[in-house]
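Since the structure comes first, as structure tokens, the remarks are kept for the end.
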Amino acid sequence: MLQPWLKCVVIKTEDITHSTRRFWIQIPELSQFDFEPGQFVTFDLPIHEQRNKRWRSYSIASAPDGSNIFELVIVLMEDGLGTPHLFNEVKVGTELLVRGPQGKFTMPSTLDKDLYLICTGTGIAPFRSMVHHIHNKQLAHKNIHLIFGCREFKDSLYETELKQLEKVLPGFYHHPCFSRELVVGPGQYSGYVHACYNKLIETQKGMTGEIPAAYFYLCGWKNMVDDAKQKIIEIGYDKQAIHLELYG
């Protein structure tokens, strides 16, 4: 059964980088917008005559909080139709049509293994939702490694916030990776995400003699997701341990 389209309104926006913007969305006709961390919503934007060519989906970046407000983080794709409309035409007070929540890219029912959340760019959105939900609900968990990849320091998303979360959520580690930065600061990595998670796994293996039991969640551009899936299987993990969401 298809979900209904609901009217929503943009109540706040904030540029987080030169090409990425946060959008806070409210659904006034609902008292509470219920979703699972990792899910997404779909907009029907006025960008094409054919309805199904107007639909654009974005992962929810905020954790469920019992309200009718949620956050999205969206990167501008100048050669597209959807994001130029959102960046150039949508302002505070703009009404849109939304449907959701949708998707099965959600956390395991029990966090009884290490959790590797590997992403690039705005693929961080569902993982930000997950880690804040784990903290807010004080869910029992093993180690959580959020491995975020982008090109330069100026492309970083939520870094200060997530480093602060490290201080209050035991077992949570944020690993920002910068592929085009040669000199990085404490807690940062130079290079791609693959070297980071490989090093973390090898370190754990060196301590115990075995690769750690783990779940892997991959979200971002297809090349990164495909490469990570292959490398994780080569390390020795079963493909059933890998969950993925493609962007673009």
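Linking ILVMFWY residues whenever their side-chain heavy atoms come closer than 4.5 Å, directly or via other members, places I235 and L218 in the same cluster. Side-chain heavy atoms closer than 4.5 Å link hydrophobic residues (I, L, V, M, F, W, Y) into clusters, and following such links, possibly through other members, connects V168 to I144. Linking ILVMFWY side-chain heavy atoms closer than 4.5 Å, directly or via other members, places I147 and L169 in two distinct hydrophobic clusters. Hydrophobic clustering (side-chain heavy atoms under 4.5 Å, transitive across Ile, Leu, Val, Met, Phe, Trp, Tyr) groups V90 together with L76.
Applying the side-chain hydrogen bond (donor to acceptor under 3.5 Å, both in side chains) test to residues at least two apart or on different chains, the pairs with a partner in residues 224-238 are K222-D226, Q230-E234. Among pairs with a residue in residues 134-145, those fulfilling side-chain hydrogen bond (donor to acceptor under 3.5 Å, both in side chains) read H145-H175, at least two apart in sequence or across chains.
Under a 4.0 Å N-O distance rule, the pair R51/D44 qualifies as a salt bridge. A salt bridge is defined here as a Lys NZ or Arg NE, NH1 or NH2 lying under 4.0 Å from an Asp or Glu carboxylate O, and E71 with R22 meets this definition.
Side-chain contact annotation: E89 with T94, donor-acceptor N/O pair under 3.5 Å absent. In this structure, a donor-acceptor pair under 3.5 Å is present between the side chains of Q26 and N68.
Shown here are the side-chain contact (heavy atoms from CB on, under 4.5 Å) partners of V184, two or more places apart in sequence or in another chain: F153, F178, E181, Q188, S190. Remark: D79 engages no residue in a salt bridge (charged side-chain N to carboxylate O under 4.0 Å, His left out) (not counting sequence neighbours).
Looking at L139 and H133, their side chains come closer than 4.5 Å, going by heavy atoms from C-beta outward. Q3 has its side chain within reach of P101: a pair of non-hydrogen atoms, C-beta onward, lies under 4.5 Å apart. By the 4.5 Å heavy-atom criterion applied to side chains, F148 and T120 are not counted as neighbours. Contact of the F23 side chain with the I74 side chain is registered, since non-hydrogen atoms from C-beta on lie closer than 4.5 Å. V9 is not listed as a side-chain neighbour of V92, based on a closest heavy-atom distance of 4.5 Å or more. Put simply, the side chain of S67 does not reach to within 4.5 Å of the side chain of F33, judged on heavy atoms. Between I134 and M107 the shortest side-chain heavy-atom distance falls below 4.5 Å. By the 4.5 Å heavy-atom criterion applied to side chains, L157 and T20 are counted as neighbours.
Q204 places no side-chain N or O within donor-acceptor distance of the main-chain N or O of I211, the cut-off being under 3.5 Å. A side-chain donor-acceptor contact under 3.5 Å links R21 to the backbone of F87. With hydrogens and angles ignored, the 3.5 Å screen pairs a side-chain donor or acceptor of Q39 with a backbone N or O of E36. Side chain of D155 to main chain of E152: a donor-acceptor pair is present (N/O by atom type, distance under 3.5 Å, no hydrogens or angles). Counting only distance, with no hydrogens or angles, the side chain of T203 and the backbone of K199 share a donor-acceptor pair below 3.5 Å. Looking at R151, its side chain never comes within 3.5 Å of a backbone N or O of S179 through a donor-acceptor pair. Between the side chain of S129 and the main chain of S62, a donor-acceptor pair closer than 3.5 Å is present.
Applying the 6.0 Å contact sphere to NZ of K104 captures no more than 12 heavy atoms from other residues, nucleotides or ligands. Residue E49 qualifies as open at atom CD: its count of foreign heavy atoms under 6.0 Å is 12 or below.
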In sequence, state the C-alpha distance, the side-chain angles, and the governing distance for Y116 and L200, and then conclude on side-chain contact (heavy atoms from CB on, under 4.5 Å). CA-CA 10 Å; Y116 286 82; L200 292 169; 4.1 Å; yes
Take I11 and I25 through the side-chain contact (heavy atoms from CB on, under 4.5 Å) test and state the conclusion after the steps. CA-CA 6 Å; I11 61 170; I25 311 293; over 6 Å; no
Please report the C-alpha distance between I16 and Y158 in whole Å, then the side-chain angles of each, then the deciding distance to 0.1 Å, and finally whether the side-chain contact (heavy atoms from CB on, under 4.5 Å) criterion is met. CA-CA 8 Å; I16 190 170; Y158 299 116; 4.1 Å; yes
Show your reasoning for whether side-chain contact (heavy atoms from CB on, under 4.5 Å) applies to F40 and I60. CA-CA 5 Å; F40 63 88; I60 300 169; 5.6 Å; no
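The aromatic rings of Y215 and H243 sit tilted relative to each other, their planes meeting at an angle between 30° and 60°. In this structure, H194 and Y192 have tilted ring planes: the angle between them lies in the 30° to 60° band.
Membership of the apolar cluster around W55 extends to W5, L97, as traced through chained side-chain contacts below 4.5 Å between ILVMFWY residues. Hydrophobic cluster membership for M207: none, as no Ile, Leu, Val, Met, Phe, Trp or Tyr side chain comes under 4.5 Å of it.
A cation-pi contact, defined as under 6.0 Å to the ring centre and within 45° of the axis, is absent between R56 and F43.
If you take CZ on R99 and SG on C8, they are separated by 13.0 Å, rounding to the nearest 0.5 Å. For the atom pair CZ (F127) and CG (L146), the distance works out to 7.5 Å, reported to the nearest 0.5 Å.
Considering E166, E159, E161 in turn, E166 is the only one that fulfils the salt bridge (Lys or Arg N to Asp or Glu O under 4.0 Å) rule with K163.
Of all heavy-atom pairs spanning V73 and A61, the tightest one is CG1-CB, 4.0 Å.
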